[in-house]
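Encoded as structure tokens, the structure appears first; notes follow it.
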Amino acid sequence: MAVQSWTEILKSSKKTALIHDGKRKIHYLFTDGKEMAEEYDLKTDELIGRKWRHKSMLGAQGQWTVEVGEPVASPVASPDSDVIKENCSNPVFMRKDTKTSFQWRIRNLPYPKDVFSVLVEPSERHIIIKTSNKKYYKKFSIPDLDRSQLPLDSSALSFTHANNTLIVSYKKPKEVLTLEQELLKELKKLKGTAEGDVDCKTQ
């Protein structure tokens, strides 16, 4: 079973814990050389961030890729610099989960709710966001479901719009909720080192 195999991969990974600034930071090193770093709120146990790093074909460390949490900010250029930077009014897409749902927030979308349509594309395993005024289009997957090879269910999908932000929610299936609860129990058993431990790679 695919869920079981992802569970086994997680269990067999080398984990390092760091407690700092009200967060539990976990670094995973998998047998294939991939790395995953997660941050949990110590009070609520909610996942704040998750990012991945893969080695290149030549074995060099790649850049971290954010899966959950605030996207990595681009360097701020001075007004008189020649550097081209992203317009701050462009839509900003980020994932911020709750205990029971996968959730994505797209800021800077100043259109009424009835302009948006959000749908599941089961064959491609994607969620698609589009607008009737053709101002925004986004196609994305749910890596958690892909890793466990669970199907996408359109009835689990919902969305709302407020303050120029579109919020898309997908109710977590029971298999994912069970896996997350089991993983959290394991993570809480890890002895968290203090900030400044040179062996910890979560920083």
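Given the structure is predicted, the values throughout are model-derived calculations rather than measurements.
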Rounded to the nearest 0.5 Å, how far does [atom2] of [Y] lie from [atom1] of [X]?
| X | Y | atom1 | atom2 | result |
| --- | --- | --- | --- | --- |
| K23 | E39 | NZ | CD | 4.5 Å |
| K25 | T16 | NZ | OG1 | 13.5 Å |
| I127 | E121 | CD1 | CD | 11.5 Å |
| L179 | T7 | CG | OG1 | 4.5 Å |
| W52 | E35 | CH2 | CD | 10.5 Å |
| Q103 | S158 | CD | OG | 8.0 Å |

Can you find a pair of side-chain heavy atoms, one from [X] and one from [Y], that are under 4.5 Å apart?
| X | Y | result |
| --- | --- | --- |
| Q149 | W6 | no |
| E186 | K189 | yes |
| E67 | T65 | no |
| Y40 | L184 | yes |
| L152 | R125 | yes |
| L166 | P91 | no |
| K138 | I106 | no |
| V92 | N108 | yes |

Please report the shortest heavy-atom distance between [X] and [Y], naming the atom on each side.
| X | Y | value |
| --- | --- | --- |
| T98 | K172 | O-NZ, 2.9 Å |
| V120 | S154 | CG2-CA, 3.8 Å |
| Y170 | P151 | OH-O, 3.8 Å |
| P110 | N164 | CA-OD1, 3.3 Å |
| L177 | K99 | CD2-O, 3.4 Å |
| E38 | M36 | OE2-CE, 3.7 Å |

*Check the surroundings of atom NZ in K130: do more than 12 heavy atoms from other residues, nucleotides or ligands lie under 6.0 Å from it?*
no
*Decide if atom NZ of K43 counts as having more than 12 heavy atoms of other residues, nucleotides or ligands within a radius under 6.0 Å.*
no
Using only atom types and a distance under 3.5 Å, with no angle test, would you say the side chain of [X] pairs donor to acceptor with the backbone of [Y]?
| X | Y | answer |
| --- | --- | --- |
| S155 | D153 | no |
| S12 | I9 | yes |
| T44 | E46 | yes |
| R107 | M94 | no |

*Do R50 and E180 meet the salt-bridge criterion of a basic N to acidic O distance under 4.0 Å?*
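Salt bridge flag = no for R50 with E180.
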*With a 4.0 Å cut-off, would you call D45 and K188 a salt bridge?*
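Looking at D45 and K188, the cut-off is met.
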*Can you sort out the partners of D32 under salt bridge (Lys or Arg N to Asp or Glu O under 4.0 Å), two or more places apart, ordered by chain and number?*
K34
_If the condition is ring-ring contact (aromatic ring centres under 6.0 Å, His included), which residues does F102 pass it with, not counting sequence neighbours?_
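Not a single residue meets the ring-ring contact (aromatic ring centres under 6.0 Å, His included) criterion with F102.
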In this structure, would [X] and [Y] fall into the same cluster of hydrophobic residues linked by side-chain contacts under 4.5 Å?
| X | Y | answer |
| --- | --- | --- |
| F93 | V118 | yes |
| I19 | I48 | no |
| I167 | L109 | no |

*Would you kindly say whether N133 and T131 are connected by a side-chain donor-acceptor distance under 3.5 Å?*
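A pair is found: one side chain offers a donor N or O, the other an acceptor, under 3.5 Å apart.
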*Which word best sums up how the rings of F140 and W104 line up, parallel for under 30°, tilted for 30 to 60°, or perpendicular for over 60°?*
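Tilted.
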_Co-members of L119 in a cluster of I, L, V, M, F, W and Y side chains, linked at under 4.5 Å_ =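 ILVMFWY cluster around L119 also holds I128, Y137.
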_Face-on cation placement of K135 at Y111 ring, 6.0 Å and 45° thresholds_ =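 No, K135 does not lie over the aromatic ring of Y111.
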*Is there a salt bridge (Lys or Arg N to Asp or Glu O under 4.0 Å) between K139 and E124 once you walk through the steps?*
CA-CA 10 Å; K139 183 162 73 170; E124 291 187 20; 3.2 Å; yes
